[in-house]
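Some notes on the structure that comes next.
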Amino acid sequence: MATPDAGTAAAGPGSDPVARSRWVLARCAQHGFALAGIADAGPSSRAEEYRAWIDAGRHGAMAYLAEQVDRRLDPRVLVPGARSVLCVADRYADGRPDRRVPGVGRIGRYARGEDYHVVIRARLEALAEELLEAYPGERFRVCVDTAPLLEREHAERAGLGRIGKHSLLIGPRGMGSWLVLGALVSTVELAPVRADGGMPGGATVDADPCGACTRCIDACPTDAIVPWSVDASRCVSALTIEDRGTAAEWFAGRTEDWLFGCDACQEACPHSQPTVRSRRVATHEAYRAHRTGFPLLEVLGWTEDDWEAAQLNGVLRRAGHAMWRRNAALAAGSVLVDRASPAEVRDALGAQLSVVALNPSETPEVRAAARASLRLV
Ligand code: SF4
Ligand code: SF4
């Protein structure tokens with residue numbers, strides 16, 4: 001292979017891993033990623049904690065997290081011969097507070113625009129093709145949430161930010177944790193280069209972004225957080241996105257106004273606030289919100305056809321028709337117990353919950369959620 005010209009898309013520098021890395025990161029910038037860095041493809045340094053988390057059942061309904069654990073903990077098992085993990089991030093929000101409307105359920109900010117799996121995957125696949133052209137015979141695997149890879153840990157190693165007590169990655173320059181991640185595991189030898197500009201060992205982001213702060217822990221409506229670990233079996237986000245079954249009764253009245261996802265820990269974090277500095281960092285256009293939520297009364301009344309007609313993106317369709325209605329029934333419970341909500345909103349939701357709870361042909365998980373919410377009043 002001729003020594004490629006670093007200035008062209010289809011050719012990377014030949015033999016120097018540092019020059020290769022600089023070229024790859026320049027390509028990432030051209031593909032519009034807010035952050036990009038390179039970590040070595042070494043195993044997780046948190047394997048013991050991960051296994052203990054799984055053994056304690058803290059993965060909740062996400063059974064897949066307990067599968068392929070060896071692969072998840074070591075990219076060289078995922079991609080034999082892997083030598084590098086290119087980590088990228090898009091910023092999807094700036095933390096501006098939502099306009100809250102009584103009786104309207106909210107969607108987590110990451111899911112309000114286009115499906116980030118599609119948005120990130122398309123660019124990482126294009127990048128993988130460019131790299132394959134430059135380095136024929138090498139292997140590449142694009143990972144955007146669905147592959148067994150601890151993307152957050154690799155991203156931290158690649159200098160994209162630091163993981164906070166809420167277990168999310170907090171980016172530099174006021175980006176907060178409003179970040180979606182992707183990775184490209186490859187057999188190409190790339191020198192580890194951190195997104196914050198240094199080489200590994202010369203970290204320039206704060207070693208601990210949290211200090212004595214406990215705001216996310218205090219803000220979590222279901223007490224799901226202990227420092228640097230989230231119990232997914234208690235997490236509203238995990239419940240409303242991943243859990244297809246009947247929710248534990250104690251969730252009723254505690255899911256606040258979250259219909260799909262939950263941003264409460266991020267909204268509370270000082271790093272994720274909309275400051276002058278943070279507003280200087282652009283959010284990616286693809287995540288501009290199509291909508292921020294739905295009226296709970298409307299969702300409770302959805303037929304399958306209505307759910308289809310709502311034209312949910314790929315992320316939002318992860319929750320099926322019954323899950324959306326179950327989530328709405330739980331969120332309605334939070335309205336019923338909130339005395340600040342207008343009486344007419346509480347009355348209308350209470351009446352609809354009664355219809356659902358008394359209907360013997362209703363889907364069991366929706367009916368159970370409606371009953372649990374009604375028991376609160
Ligand atoms: S997403 Fe919500 S429920 Fe889950 S840990 Fe954060 S604040 Fe708690
Ligand atoms: S809210 Fe405080 S404790 Fe939680 S992640 Fe942010 S800085 Fe850390």
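For ligands, and for the atoms within them, numbers begin at 1 and follow the listed sequence. Remember, predicted model here, so these are calculated numbers, not experimental data.
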How does P209 reach ligand 2, by side chain, by backbone, by both or by neither, if only non-hydrogen atoms under 4.0 Å count? backbone
What atoms in ligand 1 come closer than 4.0 Å to a heavy atom of S237? 1 (S)
Using a strict 4.0 Å cut-off to heavy atoms of K165, name the atoms of ligand 2 that fall inside it. 3 (S), 5 (S), 8 (Fe)
What protein heavy atom sits nearest atom 4 (Fe) of ligand 2, and how far off is it? C216 SG, 2.4 Å
For atom 6 (Fe) of ligand 2, what's the nearest protein heavy-atom neighbour? Residue, atom name and distance, please. C269 SG, 2.4 Å
Tell me if the CZ atom of R51 is crowded by more than 12 foreign heavy atoms within 6.0 Å. yes
Can R162 and E156 be counted as an ion pair, charged N to O under 4.0 angstrom? yes
Looking only at protein heavy atoms, which one is nearest to atom 1 (S) of ligand 1, and what is the separation? C262 O, 3.4 Å
Where does P221 meet ligand 1, judged by heavy-atom distances below 4.0 Å: at the side chain, the backbone, both, or neither? side chain
Counting from 1 in the order shown, the ligand 2 atoms closer than 4.0 Å to a non-hydrogen atom of C210 are 3 (S), 5 (S), 7 (S), 8 (Fe)
Going by atom types only, do E189 and S84 share a side-chain donor-acceptor pair under 3.5 Å? no
Salt bridge (Lys or Arg N to Asp or Glu O under 4.0 Å), paired with E362, selected from R367, R371, R325, R326: R325
Going by atom types alone, do Y110 and D263 pair a side-chain donor with an acceptor below 3.5 Å? no
Short list, please: which atoms of ligand 2 are under 4.0 Å from a heavy atom of H271? 7 (S)
Less than 3.5 Å apart, any donor N or O on the side chain of E242 or H59 sitting next to an acceptor on the other? no
If you measure only the distance, is there a donor-acceptor pair under 3.5 Å linking the side chains of E138 and T187? yes
Regarding R317 and D115, does a basic nitrogen lie under 4.0 Å from an acidic carboxylate oxygen? no
Protein residue, atom and distance nearest to atom 5 (S) of ligand 1, heavy-atom basis: I225 CG1, 3.5 Å
Relative to the heavy atoms of H166, which atoms of ligand 2 are at a distance of less than 4.0 Å? 5 (S)
Going by the 4.0 angstrom heavy-atom rule, the piece of V236 near ligand 1 is both
Which ligand 1 atoms does T222 reach within 4.0 Å, using its non-hydrogen atoms? 3 (S)
Examine all N, O or S atoms of C265, backbone included, and report whether one is under 2.8 Å from atom 6 (Fe) of ligand 1. yes
Which residue supplies the protein heavy atom nearest to atom 3 (S) of ligand 2, what is that atom called, and how far is it? C213 O, 3.2 Å
Could you state the interatomic distance from OG1 (T240) to CG (L259), rounded to the nearest 0.5 Å? 8.5 Å
How far is atom 8 (Fe) of ligand 1 from its nearest protein heavy atom, and which residue and atom is that? C220 SG, 2.3 Å
So, do F294 and W324 have ring centers that fall under 6.0 Å from each other? yes
